[in-house]
Visitor: 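Just dropping this structure here.
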2 protein chains.
Amino acid sequence: MNPSHIELRHLRLLQAVSEAGGLTAAAERLHLTQSAVSHQLKALEDALGLALVERAARPLGLTAAGRRLLALAHSALPQVDAALRDLAKLRDGDAGELRIAVECHTCYDWLMPAMDRYRDVWPGVELDLLGGFQADPIGLLLDKRADLVITSDTAPRPGIVYAPLFGFEMLALLPPDHPLASRKWLLPADFAGHTLITYPVPEDRLDLIRRVLAPAGIKPPRREAQLTVAILQLVASRRGLAALPAWTVAPYIERGYVAARPVGRHGLWAELHVAVRAADAARAYVADFIDTVKRDSFARLPGIRPLVAGTMETNAPAR
Amino acid sequence: MNPSHIELRHLRLLQAVSEAGGLTAAAERLHLTQSAVSHQLKALEDALGLALVERAARPLGLTAAGRRLLALAHSALPQVDAALRDLAKLRDGDAGELRIAVECHTCYDWLMPAMDRYRDVWPGVELDLLGGFQADPIGLLLDKRADLVITSDTAPRPGIVYAPLFGFEMLALLPPDHPLASRKWLLPADFAGHTLITYPVPEDRLDLIRRVLAPAGIKPPRREAQLTVAILQLVASRRGLAALPAWTVAPYIERGYVAARPVGRHGLWAELHVAVRAADAARAYVADFIDTVKRDSFARLPGIRPLVAGTMETNAPAR
DNA sequence: AGTTCGATATGAGATGGATTCATGAATTTG
DNA sequence: CAAATTCATGAATCCATCTCATATCGAACT
């Protein structure tokens, strides 16, 4: 391969490697195997006659050449995306309506900023966020009272298609000085004898209970709180334990307000998906919304990982 | 193919089609077959769901979508080139020396502007233009008194490698009101009875004599002039005919100062190549000089065409 | 030091996209 | 209208890329 045969694929590869901090993680994001990423990176380095990544360090670092090429990626790839968006507008028009229903309380954390970014590039799309807890958000889609739903439930329904967003880790929260904080991770039995502090939703919507405690036959008393800060406050003041997505609790952990531990050896991983009516899935402004959310999330949320399309994960690590 | 699988290859394709004004001409520039260009363009249009070129018009026009994508190409491709140049500097260093010997008088027309552009991106390379007419410029290369030669002679010499620049048409010049000006093109016999006005170089360096008149057994009297303007003036004042590269005479033809006609049915085409020592061919600043000259020439010179690597053309159209 | 685990490298083979070849249709030119 | 030029298209070929299987490497743990 000749250096002048460099392609956008290579820039996307380098960007993924840099953001993910490793070839294996990059491969997952790109929906390739680790082998493909390794081969392709090597081919690129051979073509340029320069090493691009420092393989010794962890997380993987870039060489000076790698950083120069990454700078190209950072400047060129957004231009390409913008052009493709303009072409999509040329094809499908640039107006539309997107009424969004959200199933999970903590999703607003990343959804609002993502919506702000989306508004910048699709000013013609009317964005609405449906408030309140929805018992059956997919029903809203079918009734045409919503256009897009963010959910963890991907049970097939006629006329509905799902697109995976990301997998995220639910972390168990406990007071920083709690005896269990010395443990590397918590086991179901550790929850016995503690109050579980949750949002006010049915038990079968709580992954910790449905997938960890109930199978182990453990039924701790529950206490409900509406707001995330309230839950954190209750945990910090030793009223009980809780489990929240990693991205929600990261800032509090950093400040030492609460401690967080994985649930089980590999952690408790859940997923988020987007559901839309099949008829809407091809619309450019819909597809780009999903894209924007995904890109934005991976750029900013800690403790999330890519999903292989169509895989419902349980407790095991991806793959 | 999905729109997001667009590659730089597609941008280069669209740019070539737009600049060349047709798929066939674009194919030659890209060193591909016309079929490949057609297939690839169609695949791209299918992926985007949009037509990019107006196939009806001649020269081929772009649609609104095509223009948007071309705008991307114009902004992204130079960034890529700049990055690759930086990487080459990182690998090979950014300094060097380039003493250039030129065989043809009219080459300065395009060489000087190209050198100016080159200086902008390789400020560390010392550029020198060797003056005067060189009898054996390749000898200068071997003696290390020059580093790069622009020549039409590609006779293999050990330690020397050639890179094709472009093919160009030699146009016969005559006074605008000359009887021969009514002809679509001139034949060897038409030169009989006219004085031939040339630069002061040996006969075997004049393509018109060596390849057209001598084979036809025609030996018109010669008159020599040092400067291009002097030759033009002599032709305009009816002292004889001349033959010069199309790019040199284009501005004078436009003003009606002289008339120009092809020599023979398909015109008299000559070629220019770059010769360097084999040891220098891989140096980044050398390769990029050749690249810059080529790019610059195709962007600005009228009546030139790409060369297939390693083909010595005669009188027939390319391919 | 040995073992295990996670990550990267590598060779062989499969796959699919890109290219060429051969040809046809459409359009222009003299 | 014949000749030439250009673009389109289907089939065959080729080659780059990907996956699979496995090797290698290094770090963490015991």
Side-chain angles (χ1 to χ4, degrees), chain A residues 1-10 12-14 16-18 20-47 51-62 66 184-185 265-267 305 308 316-319, chain B residues 1-14 16-18 20-47 51-62 66 182-185 262 265-267 305 308 316-319:
Chain A
M1 189 175 96
N2 185 293
S4 60
H5 291 155
I6 185 173
E7 289 290 351
L8 292 176
R9 167 166 19 107
H10 299 123
R12 295 191 228 273
L13 177 83
L14 190 68
V17 168
S18 157
L23 304 206
T24 307
E28 279 174 16
R29 286 203 195 191
L30 297 168
H31 299 296
L32 290 175
T33 60
Q34 172 271 325
S35 178
V37 172
S38 176
H39 277 297
Q40 195 170 326
L41 182 62
K42 181 163 165 26
L44 180 60
E45 289 182 320
D46 287 352
L52 296 174
V53 312
E54 307 271 14
R55 281 113 207 283
R58 204 129 322 240
L60 241 54
L62 296 188
K184 195 96 192 224
W185 65 80
R265 175 76 181 84
H266 298 291
R305 69 184 185 197
V308 186
R319 305 236 145 182
Chain B
M1 190 175 97
N2 186 294
S4 61
H5 291 155
I6 187 173
E7 289 290 352
L8 292 176
R9 163 165 25 102
H10 299 124
L11 300 185
R12 295 191 229 273
L13 178 84
L14 190 67
V17 168
S18 157
L23 303 208
T24 306
E28 279 174 17
R29 287 203 194 191
L30 298 168
H31 300 296
L32 289 175
T33 61
Q34 173 269 324
S35 179
V37 172
S38 177
H39 276 297
Q40 196 170 328
L41 181 62
K42 182 163 164 25
L44 180 60
E45 289 182 320
D46 287 353
L52 296 175
V53 312
E54 306 271 13
R55 280 109 207 283
R58 202 125 332 226
L60 241 55
L62 295 188
S182 64
R183 305 275 293 280
K184 198 90 196 226
W185 65 81
R265 177 74 180 86
H266 297 293
R305 70 185 184 197
V308 186
R319 302 237 146 178

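Protein chains get the first letters and strands the later ones, always in sequence-line order, with residue 1 at the start of each. Everything quoted here is computed from the prediction, not taken from an experiment.
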Visitor: Kindly state whether the pair A:His39 / D:dC18 counts as stacked, where counting means centroids closer than 5.5 Å and planes tilted less than 30° apart.
Guide: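 Here A:His39 fails the 5.5 Å or the 30° condition.
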
Visitor: Take the protein atom CZ of B:Arg265 and the nucleotide atom C1' of C:dT29, then report the distance between them rounded to whole Å.
Guide: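 After rounding, the reported distance stands at 10 Å.
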
Visitor: Answer with base, sugar-phosphate or nothing: what part of the nucleic acid does B:Gln40 contact at a heavy-atom distance below 4.0 Å?
Guide: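 Sugar-phosphate: the residue B:Gln40, judged by heavy atoms under 4.0 Å, touches backbone atoms but no base.
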
Visitor: Starting from P on C:dG17, measure out to NE2 on A:His5 and report it in whole angstrom.
Guide: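 Interatomic distance, NE2 of A:His5 to P of C:dG17: 20 Å.
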
Visitor: Can you tell me if A:Ser38 touches the phosphate of C:dT8, counting only side-chain N or O atoms and a distance under 4.0 Å to OP1 or OP2?
Guide: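 Result: no.
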
Visitor: May I have the distance from A:Glu7 (atom CD) to C:dA18 (atom P), rounded to whole angstrom?
Guide: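 So the two atoms are 10 Å apart, to the nearest Å.
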
Visitor: Hey, which sits more toward the 5' end of DNA chain D by its nearest nucleotide, A:Gln34 or A:Arg9?
Guide: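 It is A:Arg9 whose nearest nucleotide is closer to the 5' end.
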
Visitor: Would you kindly give the CG-to-C1' distance between B:Leu60 and C:dA26, to the nearest whole Å?
Guide: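 Value for this atom pair: 14 Å.
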
Visitor: Using whole Å, what does the distance between atom C1' of nucleotide D:dC7 and atom CG of B:Leu13 come to?
Guide: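 Nearest whole value for this atom pair: 14 Å.
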
Visitor: Under 4.0 Å, counting only non-hydrogen atoms across every strand here, what does B:Ser35 touch: a base, just sugar-phosphate, or nothing?
Guide: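 If one applies the 4.0 Å heavy-atom cut-off, B:Ser35 turns out to touch a base.
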
Visitor: Nearest-Å distance, CZ (A:Arg12) to P (D:dT17)?
Guide: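 Checked: the CZ to P distance equals 14 Å.
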
Visitor: Separation of A:Asp46 atom CG from D:dT17 atom P, in whole Å?
Guide: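 Result: 12 Å.
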
Visitor: When the distance from CG of A:Leu23 to C1' of C:dT10 is rounded to whole Å, what number comes out?
Guide: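 Spelled out: CG on A:Leu23 to C1' on C:dT10 is 13 Å.
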
Visitor: With a 4.0 Å cutoff (strictly under), does any side-chain N or O of A:Lys42 reach OP1 or OP2 of C:dT8?
Guide: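 No.
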
Visitor: Mapping B:Ala56 and A:Gly21 to their closest nucleotides on DNA chain C, which lands nearer the 5' end?
Guide: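 Its nearest nucleotide being more 5', the pick is A:Gly21.
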
Visitor: Out of C:dT8, D:dC18, C:dT20, which nucleotide sits closest to the side chain of B:Leu32?
Guide: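 Shortest atom-to-atom distance from the side chain points to C:dT20.
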
Visitor: Think A:Arg55 has a side-chain N or O under 4.0 angstrom from the OP1 or OP2 of D:dG26?
Guide: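 Result: no.
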
Visitor: Select one nucleotide: of D:dC18, C:dT10, D:dT6, the one nearest the side-chain heavy atoms of B:Thr24.
Guide: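 Given the options D:dC18, C:dT10, D:dT6, the side chain of B:Thr24 is closest to D:dT6.
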
